[in-house]
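Below, chain A is the first sequence line, B the second, and so on; all start at residue 1.
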Amino acid sequence: GAGVSQTPSNKVTEKGKYVELRCDPISGHTALYWYRQSLGQGPEFLIYFQGTGAADDSGLPNDRFFAVRPEGSVSTLKIQRTERGDSAVYLCASSPQLTGELFFGEGSRLTVL
Amino acid sequence: AQKVTQAQTEISVVEKEDVTLDCVYETRDTTYYLFWYKQPPSGELVFLIRRNSFDEQNEISGRYSWNFQKSTSSFNFTITASQVVDSAVYFCALSEIGGTSYGKLTFGQGTILTVHP
């Protein structure tokens with residue numbers, strides 16, 4: 001499809017498990033962002049990639065969270081030793097260059113039991 | 001630190017009514033971007049508008065209009081003649097300009113708009 005694709009759309013896991021969330025941005029978009037949205041809240045910035053490198057990871061809550069974008073396209077958000085507080089919708093967005101206009105995917109809903 | 005406040009948690013209107021969504025922001029930056037995004041039930045945020053802080057002209061796009069007032073740090077959004085399809089959560093957001101700040105948005109908590117037929 002032409003939009004930002006995120007998989008899985010839903011993930012239920014147990015506390016302490018490892019989780020990977022994938023984002024496939026719009027073709028040709030060099031900037032890629034991860035946000036987290038808790039119930040009833042606005043999205044919160046996690047990390048931003050320009051090409052393959054993380055240009056700003058100041059929003060990652062702790063060292064259990066890590067993200068990669070090895071070839072400058074698909075990105076994976078990795079969460080180790082999940083906690084119940086990690087339950088949220090994880091949104092990915094991409095942007096052509098640095099416009100500030102973000103194209104969001106439908107998100108991956110993570111539930112940690 | 002940046003902050004965006006959307007004081008209206010929920011608004012309910014009847015179709016064809018006009019509705020205004022309020023947004024107040026705080027920032028120490030002298031230049032910044034302001035945004036509005038729409039989040040329909042599908043969950044995918046949709047970009048509506050970006051406004052540069054040194055352009056205070058109001059903007060109209062069809063039934064949508066935006067009123068930016070730097071003096072009161074507000075960026076309000078009005079939907080004229082609302083329709084059922086306008087029902088969604090609307091987010092106001094703010095970002096710095098430059099460097100790695102593009103796309104690093106600070107969002108408000110959102111306003112749930114319900115338009116009844």
Side-chain angles (χ1 to χ4, degrees), chain A residues 1-10 23-26 29-51 53-60 69 75 88-110, chain B residues 1-10 21-27 29 31-55 61 75 88-112:
Chain A
V4 176
S5 175
Q6 291 188 246
T7 55
S9 55
N10 275 287
C23 173
D24 199 342
I26 293 172
H29 283 191
T30 56
L32 184 147
Y33 305 82
W34 284 99
Y35 280 78
R36 179 168 72 173
Q37 186 175 19
S38 299
L39 190 63
Q41 304 293 318
E44 293 178 308
F45 171 82
L46 296 177
I47 186 169
Y48 152 53
F49 288 89
Q50 182 60 34
D56 186 336
D57 65 358
S58 61
L60 294 177
R69 195 186 185 198
S75 175
V89 176
Y90 289 82
L91 296 167
C92 178
S94 68
S95 180
Q97 300 180 340
L98 300 176
T99 65
E101 176 183 346
L102 304 184
F103 295 80
F104 281 86
E106 292 188 352
S108 291
R109 181 177 298 278
L110 175 65
Chain B
Q2 299 183 332
K3 184 178 179 182
V4 176
T5 302
Q6 296 179 252
Q8 303 151 309
T9 305
E10 291 191 54
L21 283 61
D22 297 334
C23 173
V24 174
Y25 62 91
E26 297 175 29
T27 179
D29 299 314
T31 58
Y32 46 88
Y33 283 131
L34 293 163
F35 303 82
W36 276 93
Y37 278 83
K38 174 181 180 180
Q39 188 173 42
S42 64
E44 183 178 339
L45 282 106
V46 177
F47 169 85
L48 295 178
I49 189 171
R50 182 187 71 185
R51 174 46 52 88
N52 192 311
S53 58
F54 40 86
D55 179 3
S61 176
F75 186 43
V89 185
Y90 289 86
F91 290 97
C92 180
L94 169 70
S95 79
E96 298 176 23
I97 294 178
T100 61
S101 299
Y102 291 103
K104 184 178 177 180
L105 275 57
T106 298
F107 283 86
Q109 289 191 304
T111 297
I112 302 170

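Considering only heavy-atom pairs separated by less than 4.5 Å from chain B, the leading option among A/Gly105, A/Gly59, A/Gly107 is A/Gly105.
Residues passing the ring-ring contact (aromatic ring centres under 6.0 Å, His included) test with B/Phe47, sequence neighbours excluded: B/Tyr37. Remark: A/Ser58 engages A/Asp56, B/Lys104 in a side chain to side chain donor-acceptor pair (under 3.5 Å) (not counting sequence neighbours).
A tilted orientation is assigned to the rings of A/Tyr33 and A/Tyr35, their planes being inclined by 30° to 60°.
Only the side chain of A/Leu91 comes within contact range of chain B, with at least one heavy atom under 4.5 Å from a heavy atom of that chain. Of the two parts of A/Glu44, neither the backbone nor the side chain holds a non-hydrogen atom closer than 4.5 Å to a non-hydrogen atom of chain B. For B/Gln39, the part lying near chain A is the side chain, with the backbone staying farther off; criterion is any non-hydrogen pair under 4.5 Å.
The two residues B/Thr106 and B/Val4 make their nearest non-hydrogen contact at O-CG2, 3.4 Å.
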